[in-house]
Each structure stands twice: as structure tokens, then as C-alpha cells.
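Some notes on the structure that comes next.
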Amino acid sequence: MTPRAPLRGLFVTGTDTGVGKTTVSIALLRLAARRGRKPIPFKPVETGCDPKATDAGALWRAARPPIPPSDVCSYALRLPAAPALAATAEGVRIDLDLLVERAHALAARGDFLLVEGAGGLLVPYVDALTTVDLAVRLALPLLVVARTALGTVNHTALTLREAARNGLTVAGVILSQTMAGTAPHEPGNAELIATLTGQDVLGTLPYLSTDARTDPDLLADALEAGLGRKGLDRLLGTRRPDSV
Ligand SMILES: Nc1ncnc2c1ncn2[C@@H]1O[C@H](COP(=O)(O)OP(=O)(O)OP(=O)(O)O)[C@@H](O)[C@H]1O
Ligand SMILES: [Mg+2]
């Protein structure tokens, strides 16, 4: 078999479910497009679909890729549970080989594949295989999205250790303020994470109103302000429309 070209893009994971992976991904897809890239979103498995895959739909709308919306998600499962459990409930077995094939096929339709994993790194997909096994197979740089709230230092450090243990390259950590109001300790978390893990936090996505977080352009503006140009260059590369 001829070796395949490595995938280009990001694998977005979280320290947990509901930490802001989709929100950050929407912003990154829009920012990638602004830089003249052709971003392609991929949500390999989405659970809690009723019946539509809402994360996959939001990612598609942010990127407007040249693929049908239904191609963004390979397994849209109803049960709001870990992929392995939601799949079993429907008599489905998640096939990691199929997901790797899909990722390469989708990547060929653009030049920046953004994969949103389910939950965090040790969420089971099939048997003892988890998000981290898929991330290893795709070999994309890992972006870790974490909460700003209490507990995030421990969760982020655990996630980064598991990434390192599996030889994954980490592109960065982004904190997302998913709840209004800042507790007194929160501004210190980024520095603690950097000291503990050696991994810089690229920036924070501040708490946004419903209007702002449902508009991909406003989200993109907010993430750009939160990360700065250096952080974005690290995630998206430096190509801009005027250099295409
Ligand atoms: N910066 C923010 N400001 C306000 N609300 C936010 C912010 N980031 C995320 N949220 C909200 O938090 C909730 C969870 O965010 P999101 O869906 O992006 O998380 P997720 O990690 O993708 O979740 P899942 O594990 O279900 O895929 C959503 O309702 C989202 O609108
Ligand atoms: Mg999501």
C-alpha cells in the first residue's frame, strides 16, 4: 500500500464534555476560511442526536465546505452517552478504520481538516479503544479545550499527560469561559497549567452572550481577540488571503 500524505489540520479534544470544543471549532473554521484556507470539519461520532447531529451541523455552517452536511458526521447516535454505549444501544459497532478512511477522504476536499472528538481523550469508542486511539491514527496536532472554572488545572494536566503518553503532538490549550462570572482563582489557572505541564495556554475565549456564540463571525472575532495573532498562527498557519 502506498503511504498516504499526512493529514493537515487539528484534532480538537476537550478535558470533558461540554467544555466548548464545538464553540472553539466553529470560530477556528471561520478564522481558517478568513486566512484563505479551505477548512473541512469532521465530527466522527456525535451522540445525543435527536435525530440530527447538531455539532456537525454547526461545524458545517461555519465552514461551508464543498461536502454535504451529512458527510460531516459518520456516526450520528441518539443516546446521549459515550460513543461506545450509544452505538451498542443501536446495535452499531464503531469502526475506527472506517473513521480513518473518512478523515482522509474528507481532507482531500480541502486543505485544513478540523476533527472534533467526542468528550475527552479517554472516552470509549469501541471496546477499549478511545478518542486517543483515533487521534493517534489520524496523527493531527491536538488542540485541548478546557474550562476556565475550578478543576481545570487537574483535568488539563491529566489530558496533556495522556496525550504525551501516546506520543501526540499538542498544538496548544485554549480555555473557554462557559459560565458567566469569574471566580477569584480563575485568572491564575493559565499560569498554573503552564508551570505544571510545560504547555502554554494560547488564550481564553471569554464568556459570550447567546447572540455572540451562535454567530460564527462574532465567535471568530472573539477567539481572535482572545488568542492574538501568534496563537492563531500556531493553530492555523500563517497563510493569508493576500498570499494565496
Ligand atoms: N465562551 C463561551 N461563552 C458562553 N457559552 C459558551 C462558551 N463556550 C461554550 N459555551 C456554551 O457551553 C455549552 C457547551 O459548549 P460546546 O457545545 O462548545 O461544548 P463541547 O465541548 O463541544 O460539548 P460536547 O462534548 O457535547 O461536544 C454550549 O451551550 C455553548 O454554547
Ligand atoms: Mg461539541
Side-chain angles (χ1 to χ4, degrees), residues 10-31 41-63 69 72-87 94 99 114-125 130-132 134-135 142-152 155-156 158-159 172-183 186-187 189-190 201-227 231:
L10 286 172
F11 191 106
V12 181
T13 192
T15 51
D16 198 358
T17 186
V19 292
K21 295 182 299 292
T22 304
T23 307
V24 166
S25 297
I26 288 168
L28 286 173
L29 288 164
R30 196 46 72 91
L31 288 164
F42 183 34
K43 175 87 186 176
V45 185
E46 184 166 341
T47 65
C49 300
D50 190 19
K52 285 202 161 150
T54 52
D55 278 9
L59 297 173
W60 186 89
R61 286 191 296 279
V72 174
C73 182
S74 299
Y75 296 94
L77 304 167
R78 274 189 184 259
L79 195 70
L85 202 59
I94 292 172
L99 292 178
L114 185 146
V115 183
E116 183 192 339
L121 280 186
L122 290 183
V123 163
Y125 277 49
T130 70
T131 305
V132 84
L134 179 62
L142 196 71
L143 171 63
V144 177
V145 179
R147 293 190 181 91
T148 49
L150 188 64
T152 198
H155 286 160
T156 306
L158 287 170
T159 299
V173 175
I174 293 179
L175 300 181
S176 183
Q177 191 182 354
T178 52
M179 295 204 287
T182 305
E186 287 184 11
N189 283 339
V201 174
L202 298 175
T204 299
L205 181 66
Y207 181 78
L208 299 168
S209 68
T210 308
D211 281 354
R213 66 181 189 257
T214 47
D215 178 327
D217 278 311
L218 294 179
L219 255 182
D221 292 344
L223 190 67
E224 190 167 37
L227 263 58

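Just follow the structure's listing: the first ligand is 1, and inside any ligand the first atom is 1.
Distance from atom 3 (N) of ligand 1 to its nearest protein heavy atom, with residue and atom name: Leu208 N, 2.9 Å. Scanning all protein heavy atoms for the shortest distance to atom 2 (C) of ligand 1 gives Gln177 O, 3.2 Å. Of the protein's non-hydrogen atoms, Lys21 N, 3.4 Å is the one closest to atom 20 (P) of ligand 1. Looking only at protein heavy atoms, the nearest one to atom 18 (O) of ligand 1 is Thr23 OG1, 2.5 Å. Considering only non-hydrogen protein atoms, atom 31 (O) of ligand 1 sits nearest to Arg213 NE, 2.9 Å. Thr17 OG1, 3.5 Å is the protein heavy atom nearest to atom 26 (O) of ligand 1.
Within the set Ser209, Ala212, Gly20, the minimum heavy-atom distance to atom 15 (O) of ligand 1 is found for Gly20.
Atom 13 (C) of ligand 1 lies below 4.0 Å from none of the non-hydrogen atoms of the protein. Closer than 4.0 Å to atom 29 (O) of ligand 1 lies none of the heavy atoms of the protein.
Asp55 has its closest N, O or S atom to the Mg ion (ligand 2) at the position named OD2. If you look at Glu116 and ask which of its N, O or S atoms sits nearest the Mg ion (ligand 2), the answer is OE2.
Glu46 places a side-chain N or O within 3.5 Å of a backbone atom of Ala56 that can act as its donor or acceptor partner. Side-chain atoms of Tyr125 come within 3.5 Å of backbone atoms of Ala118 as a donor-acceptor pair (strictly under, hydrogens ignored). Side-chain atoms of Thr214 come within 3.5 Å of backbone atoms of Thr210 as a donor-acceptor pair (strictly under, hydrogens ignored). Judged by distance alone, with hydrogens and angles left aside, the side-chain atoms of Thr15 form no donor-acceptor pair with the main-chain N or O of Thr156 at under 3.5 Å. Between the side chain of Arg147 and the backbone N or O of Thr152, no donor-acceptor pair lies under 3.5 Å. Panel note: side chain Thr47, backbone Pro83; no donor-acceptor pair is recorded below 3.5 Å.
Looking at ligand 1, you won't find any N or O of Asp16 less than 3.5 Å from one of its N or O atoms.
Atoms of ligand 1 found under 4.0 Å from any heavy atom of Asp55 (numbered from 1 in listed order, with element): 27 (O). Within the listing of ligand 1, atoms 1 (N) sit less than 4.0 angstrom from a heavy atom of Leu205. Short contacts between ligand 1 and Glu116, defined as distances under 4.0 Å to a heavy atom of the residue, involve ligand atoms 22 (O), 27 (O). Close contacts between ligand 1 and Tyr207 involve ligand atoms 3 (N), 4 (C) [criterion: under 4.0 Å to a heavy atom]. Residue contact check: Pro206 has heavy atoms under 4.0 Å from atoms 1 (N), 2 (C), 3 (N) of ligand 1. Residue-ligand proximity, Gly18 to ligand 1, at heavy-atom distances under 4.0 Å covers atoms 14 (C), 19 (O), 20 (P), 21 (O), 23 (O), 24 (P), 25 (O).
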request  = List the steps and the verdict of side chain to side chain contact (heavy atoms under 4.5 Å, CB included) for Leu218 and Leu208.
outcome  = CA-CA 9 Å; Leu218 294 179; Leu208 299 168; over 6 Å; no

inquiry  = I'd like to know whether Thr22 forms a side chain to side chain contact (heavy atoms under 4.5 Å, CB included) with Leu59, so could you lay out the CA-CA distance, the side-chain angles of the two residues, the decisive distance to 0.1 Å, and finally the verdict.
reply    = CA-CA 7 Å; Thr22 304; Leu59 297 173; 4.2 Å; yes

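Within the structure, ligand 1 lacks Glu46 among the residues with a heavy atom less than 4.0 angstrom away. Ser176 counts as a contact of ligand 1, since one of its heavy atoms falls under 4.0 Å from the ligand. By the 4.0 Å heavy-atom criterion, Lys43 is counted among the residues contacting ligand 1.
The Mg ion (ligand 2) has no N, O or S atom of Glu46 inside 2.8 Å of it. Not one N, O or S atom of Thr23 sits under 2.8 Å from the Mg ion (ligand 2).
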